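Since we're looking at a predicted model, the values are computed, not measured.
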Amino acid sequence: MVDNRNFELIVRQQPKQARMCGVGGKADRRPIDPPPIVQLRVTTPNDASGGLPPINADKEASAFLQNPYYFMFASLAAPDSDEELHLLKDGKTRYTTGSVVSSLYHLKDHENGGKDAGFFVFPDLSVRTEGSYRLKLSLFEVVGQVYPPPLP
């Protein structure tokens, strides 16, 4: 049941600055280093202490970590607003290049005793133009009906 679950996003690794990779066919690709890594933690409010314990040891959590319907999208945003920056002034070149979408990876969390955990990782994300930006990371879940609807 998803109704009684709380989802928490934890930025585990983030870049402070990066070099631009440039525009054009022979542009030098420079991925953002270190790559952004975001952990997705699912908790349940059923803890006797009133806290929200992780459900990582639970079988349900293991199934959650295998869920192919969660993904995260990375975009650039202005440093002082949530306005997403998608296209450069030419109207057809994107601000970012590389893999801007990450699926949920089921990995061992070595900073937390080797427990199973879910992570979104962006190892091949580059910025094409110089400037000050923020990374905007948006979590999505694929839900809904199959289209077109089946015929009666």
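- Under a hydrophobic clustering in which Ile, Leu, Val, Met, Phe, Trp and Tyr are joined whenever their side-chain heavy atoms come within less than 4.5 Å, directly or via other members, V11 and Y105 fall into different clusters.
- Looking at Y70 and E141, their side chains come closer than 4.5 Å, going by heavy atoms from C-beta outward.
- Nearest heavy atoms, A74 versus L137: CB-CD2, 3.5 Å.
- Summarising the geometry, atom OG belonging to S138 is positioned 5.5 Å from atom CD belonging to E84; distances are rounded to the nearest 0.5 Å.
- A distance below 6.0 Å separates the ring centres of F71 and F140.
- In this structure, the side chains of F122 and V100 stay at 4.5 Å or more apart for every pair of heavy atoms.
- Taking 4.0 Å as the cut-off between side-chain N and carboxylate O, R134 and D80 do not count as a salt-bridged pair.
- Results of the side chain to side chain contact (heavy atoms under 4.5 Å, CB included) test with Y69 over V142, L104, V143 single out V142 as the only residue that passes.
- Within the 4.5 Å cutoff, side-chain heavy atoms of P15 are placed close to those of P36.
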Take L88 and R94 through the test side chain to side chain contact (heavy atoms under 4.5 Å, CB included) and record every step on the way to the result. CA-CA 6 Å; L88 295 176; R94 295 185 57 81; over 6 Å; no
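- Minimum interatomic distance between G114 and K108 (heavy atoms only, all atoms of both residues): O-CD, 3.2 Å.
- If you chain together hydrophobic residues whose side chains sit under 4.5 Å apart, F119 and L40 never meet in one group.
- Under the 4.5 Å side-chain criterion, counting only non-hydrogen atoms from C-beta, F120 is not in contact with I37.
- The closest side-chain heavy-atom distance from L87 to T93 is not below 4.5 Å.
- Heavy-atom minimum distance, Q13 versus P35: NE2-O, 2.8 Å.
- Between T96 and the options T129, L85, L135, L125, a side chain to side chain contact (heavy atoms under 4.5 Å, CB included) holds for only L125.
- With a 4.5 Å cut-off on side-chain heavy atoms, R41 and I10 count as touching.
- Transitive grouping of hydrophobic side chains (ILVMFWY, heavy atoms separated by less than 4.5 Å) keeps V121 and F73 in distinct clusters.
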Using the rule given for side chain to side chain contact (heavy atoms under 4.5 Å, CB included), can you reason through M72 versus V101, listing the C-alpha separation, both sets of side-chain angles and the distance that settles it, and then say yes or no? CA-CA 6 Å; M72 188 168 274; V101 174; over 6 Å; no
Start with the C-alpha gap between D109 and Q39, add the side-chain angles, then the distance that decides, and say whether side chain to side chain contact (heavy atoms under 4.5 Å, CB included) holds. CA-CA 10 Å; D109 185 358; Q39 180 180 3; 4.0 Å; yes
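- Counting only heavy atoms from C-beta outward, the side chains of H86 and S75 approach each other to under 4.5 Å.
- One hydrophobic cluster, built from ILVMFWY side chains closer than 4.5 Å, holds both I32 and V38.
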